[in-house]
Amino acid sequence: MASEIKGPKKLTIIHSADWHVCDDFFKDAQNCLNFLVSQAQEIRPDLIVISGDTYNQRQIRQESAAARLVFETVRELAAIAPVVILIGTPSHDGQAPELLRGINEKHPVWIEGAANNLIVYRAENGQTAISHPGPDQNDGFIPIAFISCVPAFTKQHFSSNSDLATSDMEIATALASIFAQFGVTANEIHRKVRYQSPGNPIPHILLGHWSIGGAFIHTTQAITGLDIEIAREHVEMARADLV
């Protein structure tokens, strides 16, 4: 999916997710990812984001055809634009995307496995950088996007000795705090950017690997029975321009 955020300067994003690359369905994955790369080469986006479950199994051999396909695809994408990849569900990605940190291309590849904020920068010569928000650590670079990353949550992320009902309430409270803090940080970043670079606001992008409880995946089929219930109210707390 390609999205455009319009403002003083247009930002073009290619968003992809759930590749689930594996040897069993290798040819299908290869055809899809070849198409993705060809679209990126044609569109020339400013940013490419992949929202988790890049692999279909967490134990993947580096020398396998599936691992090589993912590596080559991400390398080709990083030749076009900076790439941000979320780590997906433990049963699929595990820590396998960490293998992609070693890619050395024109643009950076950032692997995020925790709830964190990122800023994407671009210099006048086209060079790009990605980092956590910090004090002027990218001199000469202009911020082009602020990203709040929310990888897949499991109940193991929220350890508790309470009973199930209390635990669910604690998880809901913790989630609300995480998303609300994203909104607060976004406001701080926007104020800083407006001060340092007037007339150049940057979009706040909420990037996640989760499902919204009650969302419809078919005209008559709503999502139920989620391990962690992400609600619309949580998403709204982040005050994002694009989700």
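Both backbone and side-chain heavy atoms feed into the values below; hydrogens, waters and symmetry mates do not. Just so you know, these numbers come straight off a predicted model, no measurement behind them.
The CD1 atom of Ile142 lies 6.0 Å from the CD atom of Glu124; values are rounded to the nearest 0.5 Å. Going from atom CG of Leu206 over to atom CG of Asn117 covers 10.0 Å, rounded to the nearest 0.5 Å. One finds the CD1 atom of Ile50 at 3.5 Å from the CH2 atom of Trp19 (value rounded to the nearest 0.5 Å). One distance of note links SG of Cys149 with CZ of Phe182; it measures 7.5 Å at 0.5 Å rounding. Between atom CD1 of residue Ile14 and atom CD1 of residue Ile43 there is a gap of 4.0 Å, rounded to the nearest 0.5 Å. The CZ atom of Arg122 lies 12.5 Å from the CD1 atom of Ile130; values are rounded to the nearest 0.5 Å.
Under a 3.5 Å cut-off, the side chain of Asp23 and the backbone N or O of Ala66 do form a donor-acceptor pair. Judged by distance alone, with hydrogens and angles left aside, the side-chain atoms of His204 form a donor-acceptor pair with the main-chain N or O of Ala238 at under 3.5 Å. Not one N or O on the side chain of His107 forms a donor-acceptor pair closer than 3.5 Å with the backbone of Ala78. A donor-acceptor pair under 3.5 Å is formed between the side chain of Thr73 and the backbone N or O of Leu69.
Phe26 and Tyr55 fall within a single hydrophobic cluster, where Ile, Leu, Val, Met, Phe, Trp and Tyr are joined by side-chain heavy atoms under 4.5 Å apart, directly or via other members.
Remark: Asn31 CG is packed, more than 12 non-hydrogen atoms of other residues, nucleotides or ligands lying under 6.0 Å away. Environment of CZ in Arg101: crowded, with over 12 heavy atoms of neighbouring residues, nucleotides or ligands closer than 6.0 Å. Atom CZ of Arg75 sits in a crowded spot, with more than 12 heavy atoms from other residues, nucleotides or ligands closer than 6.0 Å. The environment of Phe216 atom CZ is dense: over 12 non-hydrogen atoms of other residues, nucleotides or ligands sit within 6.0 angstrom.
Proximity of Val120 to Ile202: side-chain heavy atoms (C-beta onward) are nowhere separated by under 4.5 Å. Within the 4.5 Å cutoff, the side chain of Leu207 has no heavy atoms near those of the Leu118 side chain. In this structure the side chain of Trp110 reaches within 4.5 angstrom of the side chain of His132, judged on heavy atoms. Counting heavy atoms from C-beta on, the side chains of Arg44 and Ile80 come closer than 4.5 Å. Residues Leu86 and Glu112 have side chains in contact (heavy-atom distance under 4.5 Å, counting atoms from C-beta outward). Residues Ile13 and Pro45 have side chains not in contact (no heavy-atom distance under 4.5 Å, counting atoms from C-beta outward). The shortest distance between side-chain heavy atoms of Glu233 and Phe179 does not fall below 4.5 Å. The shortest distance between side-chain heavy atoms of Met237 and Ile178 does not fall below 4.5 Å.
Here the closest non-hydrogen pair linking Ser131 and Tyr121 is OG-CE1, 3.5 Å. Taking every heavy atom of both residues into account, Gly208 and Ser51 meet most closely at O-CB, 3.6 Å. In plain terms, the two heavy atoms of Pro151 and Gly113 that are nearest each other are CG-C, 3.5 Å.
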List the steps, then state whether side chain to side chain contact (heavy atoms under 4.5 Å, CB included) holds for Phe141 with Ile119.
-> CA-CA 11 Å; Phe141 286 77; Ile119 299 182; over 6 Å; no

Show your reasoning for whether side chain to side chain contact (heavy atoms under 4.5 Å, CB included) applies to Leu47 and Ile144.
-> CA-CA 9 Å; Leu47 173 65; Ile144 63 170; 5.5 Å; no

Would you sort out whether Thr54 and Val21 count as a side chain to side chain contact (heavy atoms under 4.5 Å, CB included), showing the intermediate values?
-> CA-CA 6 Å; Thr54 307; Val21 177; 5.5 Å; no

